[in-house]
Trainee: 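I have a structure I would like to understand better, so I am pasting it below and will then ask my questions one at a time.
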Number of protein chains: 2
Amino acid sequence: MANSGKKKATIYDLSVLSGSSPSTVSAVLNGTWRKRRIKESTAELIRSLAETHQYTANRQARGLRSSRSGLVGLLLPVHDNRYFSSLAQTFEAHVRSKGQCPIVVSASRDPEEERKTAETLISYSIDELFICGATDPDGVHEVCEAAGLKHINIDLPGTKVPSVISDNFEGGRLLTEAIIRHFPADRPLQPTDLYLFGGRNDHASHERIRGFRAVKKAMLGDDPDECIQPTGYAANNARKAFEAFYTRHGKLPRGLFVNSSINFEGLLRFMAEHPHDNFTDLVVGCYDYDPFASFLPFPVIMIRQNVEGMIAKAFEVIEQPRAAPRIHLVEPELVPPRTALTGPLDALKDIDLPRGKS
Amino acid sequence: MANSGKKKATIYDLSVLSGSSPSTVSAVLNGTWRKRRIKESTAELIRSLAETHQYTANRQARGLRSSRSGLVGLLLPVHDNRYFSSLAQTFEAHVRSKGQCPIVVSASRDPEEERKTAETLISYSIDELFICGATDPDGVHEVCEAAGLKHINIDLPGTKVPSVISDNFEGGRLLTEAIIRHFPADRPLQPTDLYLFGGRNDHASHERIRGFRAVKKAMLGDDPDECIQPTGYAANNARKAFEAFYTRHGKLPRGLFVNSSINFEGLLRFMAEHPHDNFTDLVVGCYDYDPFASFLPFPVIMIRQNVEGMIAKAFEVIEQPRAAPRIHLVEPELVPPRTALTGPLDALKDIDLPRGKS
DNA sequence: CTTATTTGCACAATCGATGGTGCAAAGACT
DNA sequence: AGTCTTTGCACCATCGATTGTGCAAATAAG
């Protein structure tokens, strides 16, 4: 670590150096100087001084005065997940393009932590908050509302402000249909061959399950309750559920609808404990996309949510002064097995910096 | 979105309500009140008022006065990556446990953007900065140094302040050895059967390559230069390199050392374009861990970096007043094929909130 | 040469929390 | 009762940038 004693230059330093007042310096450096009829030459002098002294405005002071901070918050369940980190990546690009600074935090899907975390962000006077995948969006809403903070829901809807979410019903339908069609006509899937694992009592799970059941009923004729196993969003819970099924039936279901990649990891954990099983008669549909999962040794059909579309829509809606608290659906995309899609990172150039040191 | 007119309560509001002065309110609510000899009953009154009015201190005002913000920065190359998002997750837990607020941003491995981003964070008066995987750590150092900001390098080392990084040489050695040993004795690997793809002119790549070459030389007797293909950190560049090799030789190398998961994605993209190839005589070693990759239909040996260990070490070192700019190595872990490891998310309880609405 | 107008900028209040200082009132002590 | 402490708190400057207002000097108009 390092911490030299140097301090940052302030408008007062520059005002002394330039022989003008702090307010003049401030106006010049924040762009409002024409309105204040500052001479071009004065502005030029101050700008060059700022340049040589590496002046940058103290955001805390500016924010205190203007009660805006330039910070835009994103509240996630977790970072450590392909879908959410992709949201973070896209979110950051949008925020930075508006000249603001993203502040991304996670709250573990815990309602209490969600509210506390929102409070913390509010104490930094953030300008807007994007509430993503929250277990209790309306709880966070109360907190934002009390602070007069603009906010919007993503991924999981609330009832108080607009929500931008995936069309989970349609995605569930698409995925279920693709799983069923993947089986050959001579060995078709029976209703009890197709199970859904993962998810919980949230809007997304409900919709996906609704889509799953609708398609099952329509295509397979029946839709037994036992085939729905909303085991939550934890790999180990999913693993236990697969294990339990396996113990009871001596095999896995032929068709699996796995709700989210974290539960797919649970399936892997289960498989790791059964190294001699080949799972040849198995088709997995996963509501989430991961390129590696797509190439696993059994057919894996995936859903990729339209992250860029959702973020863009959310930024559009949050700017509308008095938008109604309706749900905006964004269509997800079905990804066939063995597909390597590009992501937000592909937009980056891969630069190489020639470096002096080895 | 929503934005009611309400304002947050301030110490001035509470001072009026309680009949005491703002400084008394401040002292009570920030814990310094005993030092100021405030009566217990006064403190109690103010605390209850703060409670009912949902008071939280304005961090910008506090930060302005104290020239600290409670923000701790993490500068990443990208969010959208299992390794870095796992670092973000672990970082956040550490920061929050100290009562501070994490602010995680990415700078795309671009030296200029890295410096600019650091400047932005500095303008928010962050208290510390963790520089992770930066292409030009010393460039960021200059910026921090000028602002008197404590900072430390992670993942890629700099020369000016301490660095906490993986033992990439050892990791490279481990991985290379495991790849070679994975081939049966009757069909052993030849020197030109084992290629390394990915990475660039950075410290981590150098060390991994050094480990790779050392083991190759020792175990296979030779180590041709052509087997080193540092194609960068972009999936498509890697894909092209695999394609080029394939075009030239009609097959892939039997053994592949893939430097980072993003380049592994490049391999998948290549494979997606060759759906009829089975790639049966192939062993991949990847310097990064991903559970799905671990279960691919060919043997995949992986390296998992010790994220928790690195973050913990970094927090330890950054608190040392005048630590020398040395490199702290953290040992990575070899992960055999078909292994589903647990991650930071497993520490979270999977709570379910019973909700009124469907 | 006056009066009106415009130009160019300085002054000072403000945002909310902090912390040094000062000073009454209450209590201790002689 | 008079002096000395201690207690309990108020007052005020401060952090750095923003912004409404005021006022000279320069210029234009008559």
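Please read these numbers as outputs of a predicted model, since none were measured by experiment. Throughout, a chain's letter reflects where its sequence line sits, starting with A, and its residues are numbered from 1.
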Trainee: Who passes side chain to side chain donor-acceptor pair (under 3.5 Å) against A/Ser26, sequence neighbours left out?
Mentor: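 So A/Ser26 forms no side chain to side chain donor-acceptor pair (under 3.5 Å) with any residue.
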Trainee: Grab the CG-C1' distance between B/Leu64 and C/dC15 for me, whole Å please.
Mentor: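 One finds 9 Å between C1' of C/dC15 and CG of B/Leu64, rounded.
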Trainee: Salt bridge (Lys or Arg N to Asp or Glu O under 4.0 Å) with B/Arg37: which residues, sequence neighbours excluded?
Mentor: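 If we apply the salt bridge (Lys or Arg N to Asp or Glu O under 4.0 Å) test to B/Arg37, skipping adjacent residues, there are no hits.
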Trainee: Which residues pass the side chain to side chain donor-acceptor pair (under 3.5 Å) test with A/Glu114, sequence neighbours left out?
Mentor: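 A/Glu114 satisfies side chain to side chain donor-acceptor pair (under 3.5 Å) with no residue once adjacent residues are dropped.
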Trainee: Whole angstrom is fine here: how far is it from CZ in B/Arg68 over to P in C/dG19?
Mentor: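 In whole Å, C/dG19 P and B/Arg68 CZ are 11 Å from each other.
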Trainee: Which residues pass the side chain to side chain donor-acceptor pair (under 3.5 Å) test with B/Glu44, sequence neighbours left out?
Mentor: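 B/Glu44 satisfies side chain to side chain donor-acceptor pair (under 3.5 Å) with B/Arg47 only.
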Trainee: Need two values: the first and the last nucleotide of DNA chain D, 5' to 3', having an atom under 4.0 Å from any heavy-atom of chain B.
Mentor: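 So the contact region on DNA chain D extends D/dT7 to D/dG16.
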Trainee: Check DNA chain D against residues 31-46 of chain B and give the residues with a non-hydrogen atom under 4.0 Å, in numerical order.
Mentor: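 Within residues 31-46 of chain B, the residues near DNA chain D are B/Arg36, B/Arg37, B/Ile38, B/Lys39, B/Thr42.
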Trainee: With the threshold set at under 4.0 Å for non-hydrogen atoms, list the residues of residues 51-63 of chain A touching DNA chain C in residue-number order.
Mentor: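 Within this stretch, nothing sits under 4.0 Å of the strand.
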Trainee: Between B/Thr135 and B/Arg109, is there a donor-acceptor pair closer than 3.5 Å when you use the side chain of the first and the backbone of the second?
Mentor: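 Yes; judged by distance alone, with no hydrogens or angles, the pair exists.
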Trainee: Tell me which residues in residues 17-27 of chain A put a heavy atom below 4.0 Å from DNA chain D, sorted by number, or none.
Mentor: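 Within this stretch, A/Ser23, A/Ser26 sit under 4.0 Å of the strand.
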Trainee: Indicate yes or no for a side-chain donor-acceptor contact from B/Ser163 to the backbone of B/Thr159 under 3.5 Å, with no hydrogens or angles considered.
Mentor: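 No, B/Ser163 side chain to B/Thr159 backbone: no donor-acceptor pair under 3.5 Å.
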Trainee: Mind pulling the stems DNA chain D is in, i.e. runs of at least three Watson-Crick or G-U pairs, everything under 3.5 Å?
Mentor: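 Looking at DNA chain D, the stems formed by three or more consecutive pairs are C:1-30 with D:1-30.
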Trainee: From CD1 of B/Ile11 over to P of C/dT14, roughly how many Å is that when rounded to an integer?
Mentor: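 Distance, rounded to whole Å: 16 Å.
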Trainee: Do the ring planes of B/His141 and B/His151 sit parallel (below 30°), tilted (30 to 60°) or perpendicular (above 60°)?
Mentor: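 The arrangement is tilted - the two ring planes meet at 30° to 60°.
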Trainee: Name every donor-acceptor pair, under 3.5 Å, that has one atom in a side chain of residues 64-71 of chain A and the other anywhere in the protein, sequence neighbours excluded.
Mentor:
{"from": "A/Ser66", "atom 1": "OG", "to": "A/Arg62", "atom 2": "O", "distance (Å)": "2.7"}
{"from": "A/Ser69", "atom 1": "OG", "to": "A/Leu71", "atom 2": "N", "distance (Å)": "3.0"}
{"from": "A/Ser69", "atom 1": "OG", "to": "A/Ser125", "atom 2": "O", "distance (Å)": "2.7"}

Trainee: Mind listing the side-chain donor-acceptor pairs of residues 86-93 of chain A below 3.5 Å, one per line with the distance, residues two or more places apart or on another chain?
Mentor:
{"from": "A/Gln89", "atom 1": "OE1", "to": "B/His79", "atom 2": "N", "distance (Å)": "2.7"}
{"from": "A/Gln89", "atom 1": "OE1", "to": "B/Asp80", "atom 2": "N", "distance (Å)": "3.0"}
{"from": "A/Thr90", "atom 1": "OG1", "to": "A/Ser86", "atom 2": "O", "distance (Å)": "3.0"}
{"from": "A/Glu92", "atom 1": "OE1", "to": "B/His79", "atom 2": "ND1", "distance (Å)": "3.2"}
{"from": "A/Glu92", "atom 1": "OE1", "to": "B/Ser106", "atom 2": "N", "distance (Å)": "3.2"}
{"from": "A/Glu92", "atom 1": "OE1", "to": "B/Ser106", "atom 2": "OG", "distance (Å)": "3.2"}
{"from": "A/Glu92", "atom 1": "OE2", "to": "A/Arg96", "atom 2": "NH1", "distance (Å)": "2.4"}
{"from": "A/Glu92", "atom 1": "OE2", "to": "B/Ser106", "atom 2": "N", "distance (Å)": "2.8"}
{"from": "A/Glu92", "atom 1": "OE2", "to": "B/Ser106", "atom 2": "OG", "distance (Å)": "3.2"}

Trainee: Quick one: which residue pairs count as a ring-ring contact (aromatic ring centres under 6.0 Å, His included) with a foot in residues 42-67 of chain A, not counting sequence neighbours?
Mentor: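 Qualifying pairs, neighbours excluded: none.
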